[in-house]
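Below is one structure; the comments refer to it alone.
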Amino acid sequence: MRALLVRETGWPNRMQVAEVPRPAAQALDADSVLVRVRAAGLNFADTLSIAGSYQEKQQLPFVPGAELCGEVAAVGAGVQGLQLGERVMGQVGAGAYAEWAVVHKDRLARVPAGMPDTQAAGFYIPYGTALCALRERGRLAAGETLLVLGAAGAVGLAAVQVGKALGARVIGVSRSPAKREAVMQAGADAFVAWSSGDLKDALGKAGVDPGVDVVLDMVGGDASAAAMRCLNFEGRLVVVGFTSGQAPALRANHILVKNIDIVGCYWGPYQQLRPVQTRRAFDTLLAWYGAGLLRPQIADSVPLEGVAHALEQLACGAYAGKVVAQISIPSGASE
Ligand SMILES: NC(=O)c1ccc[n+]([C@@H]2O[C@H](COP(=O)([O-])OP(=O)(O)OC[C@H]3O[C@@H](n4cnc5c(N)ncnc54)[C@H](OP(=O)(O)O)[C@@H]3O)[C@@H](O)[C@H]2O)c1
C-alpha cells in the first residue's frame, strides 16, 4: 500500500510516499479494527512526532499521522457492533497517512451520514480534546467566560464552538489579525489579535471585558502567564499544548492569591482508560454536530504527496482551521 514514510527523525523532514506492507486482516488483535483510510487529519503533534520530540516515540521507519476516517474492512475477535463498510473516524499512535490503518476499537467513533470524509478526518482529535479540556478538566459552566489561546488552530476553533455549546462567553486570541473572520465565524463573542505584552491590557483596549474563568492554552511560553493574569478568582488554566515551543514556568504566588487551578489535558490516554466516558463524549459531540452547533472549518485538503509541505505550513501557523489529506486508492489496486 502507499504510505508516507519517515526514515529518519528530524524537522523539517524529507519524508516521501513509499510502498509499505499492508496490515493483514488475519493478524488483527482481538480489540483492533482494520480501516481502509479515506482521509487523514493533519495535526501539529505530527511535526513533533516526526522530529522525534513527541512524548510517544515511534520506532524507525514509521508511517506518521494520528487521525483518520475511513471504512471498516475487518474487525478483531473481540470487537462488537461495527459493521464491515461502516464509516468511522478515530485516532492512532501513528500510521494514519496510509491507505490502510489498524485502530483500537476504543479509539473510534461512527461517522454520521451527513458528515463528509474531509470533516470526519479532522473531527476526532480537535473536538474530543476540546470537550475533555473544557468540560472534564476546566469545569467550564454556562455563563462563564472562556479565553482560547491559539483560537484559529484546529483545537482552537473546535474549542470556540464547544465553549459556545456549553453556554460560555468565548474570547478567541490569535497572533494574526487575518484570522479574525475564521474565529468569529466559529461563533466567538470577541476576537483579539495579540502576540506579546500585557494581554489583559490588550483585551481592555479592544473593548473586551478581560475577566475570564477558564483559559484554554494551546500556545504555552509567555502567553500562558499573560493569560493567567486575566483569570478571575477561582479561575482555571487548562494546559493543552505548546505551539510556541516552550512549556511555561508559572508563578505559584499568582496561583495562590487568586485561588487558581492549573490542570493538564492530554486527551489521548482517556480513550482507552475511560472508554465509556469517551463514547458518551462522542454522543454529545455528534448530537451537537447534528444540531448545527459544531461546524468544522477545513482550511485545505491535500493528497498524500502534499502532506509534508502542508505540515511545514501548519507548523508556521499558516492556516486557520483544519488541514486534511485525502487518500484515494488507485482504481484497479487489489483490496
Ligand atoms: N493535549 C492534547 O490532548 C492535545 C490534543 C490535540 C492537540 N494538542 C496540542 O495543541 C496544540 C494546538 O494543536 P492544533 O492541532 O490546534 O494546532 P494548529 O491547528 O497548528 O494550531 C495551532 C495554533 O497555535 C498558534 N500559535 C501560536 N504561537 C505559535 C508559534 N510560535 N508557532 C506556531 N503556531 C503558533 C497558531 O495560531 P496563530 O498563528 O493564529 O496565533 C496556530 O493556529 C499543539 O501543541 C498540539 O500538539 C494537544
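Below, each value reflects all heavy atoms present in this structure, side chains not excepted, and no hydrogens, waters or symmetry copies. Just so it is clear, the model here is predicted, and its values are computed rather than measured. For ligands, and for the atoms within them, numbers begin at 1 and follow the listed sequence.
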Which side-chain N or O atoms in residues 69-76 pair as donor and acceptor under 3.5 Å with protein atoms at least two apart or in another chain?
residue : atom : partner : partner atom : Å
Glu71   : OE2  : Arg38   : NE           : 3.2
Glu71   : OE2  : Arg38   : NH2          : 2.6

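- Across all non-hydrogen atoms, the minimal contact from Gly211 to Asn232 is CA-OD1, 3.3 Å.
- The distance from ligand 1 to the heavy atoms of Ser244 drops below 4.0 Å at these ligand atoms: 31 (N).
- A salt bridge between Arg2 and Glu305 is present, with a side-chain N of the basic residue lying under 4.0 Å from a carboxylate O of the acidic one.
- Near Trp267, meaning under 4.0 Å from one of its heavy atoms, ligand 1 places the atoms 2 (C), 3 (O).
- Atom CH2 of residue Trp194 and atom CG of residue Asp201 lie 11.5 Å apart, to the nearest 0.5 angstrom.
- Ligand 1 lies within reach of Ala315, whose nearest heavy atom is under 4.0 Å from it.
- Ion pair Lys322/Asp300 not flagged as a salt bridge, since none of the NZ, NE, NH1 or NH2 atoms sits closer than 4.0 Å to an Asp/Glu carboxylate oxygen.
- Close contacts between ligand 1 and Phe242 involve ligand atoms 45 (O) [criterion: under 4.0 Å to a heavy atom].
- Looking only at protein heavy atoms, the nearest one to atom 19 (O) of ligand 1 is Ala154 N, 2.9 Å.
- With Asp261 as the partner, the salt bridge (Lys or Arg N to Asp or Glu O under 4.0 Å) test is satisfied by one option alone out of Arg139, Arg137, Arg236: Arg139.
- Here Glu86 pairs with Arg110 in a salt bridge; the nearest charged N to carboxylate O distance falls below 4.0 Å.
- Looking at Gln271 and Thr278, their side chains never bring a donor and an acceptor atom within 3.5 Å of each other.
- With a heavy-atom cut-off of 4.0 Å, Cys265 touches ligand 1 through its backbone alone.
- If you number the atoms of ligand 1 from 1 as listed, the ones under 4.0 Å from a heavy atom of Ser174 come out as 38 (P), 40 (O), 41 (O).
- Looking from atom 9 (C) of ligand 1 to the surrounding protein, the closest heavy atom is Val240 O, 3.8 Å.
- Shortest contact from atom 20 (O) of ligand 1 to any protein heavy atom: Leu314 CD2, 3.5 Å.
- Heavy atoms of Ile125 found under 4.0 angstrom from ligand 1 belong exclusively to the side chain.
- With a heavy-atom cut-off of 4.0 Å, Val155 touches ligand 1 through backbone and side chain alike.
- Among protein heavy atoms, atom 17 (O) of ligand 1 sits closest to Phe44 CB, 3.5 Å.
- Using cut-offs of 30° and 60° on the angle between ring planes, the pair Tyr266 and Tyr54 is perpendicular.
- Nearest to atom 37 (O) of ligand 1 among the protein's heavy atoms is Lys179 NZ, 3.9 Å.
- The nearest protein atom to atom 5 (C) of ligand 1, hydrogens excluded, is given as Thr129 OG1, 3.3 Å; this is a heavy-atom distance.
- Ring orientation note: the planes of Phe282 and Trp267 are tilted relative to one another, at an angle of 30° to 60°.
- For ligand 1, the atoms sitting less than 4.0 Å from at least one non-hydrogen atom of Val219 are 27 (C), 28 (N), numbered in the order shown with element in parentheses.
- Regarding atom 22 (C) of ligand 1, its nearest protein heavy-atom neighbour is Thr243 CG2, 3.6 Å.
- Summarising the contacts of atom 35 (C) of ligand 1 with Gln91, Arg175, Arg137, Gln55, the nearest heavy atom is found in Arg175.
- Nearest protein heavy-atom neighbour of atom 21 (O) of ligand 1: Gly153 CA, 3.2 Å.
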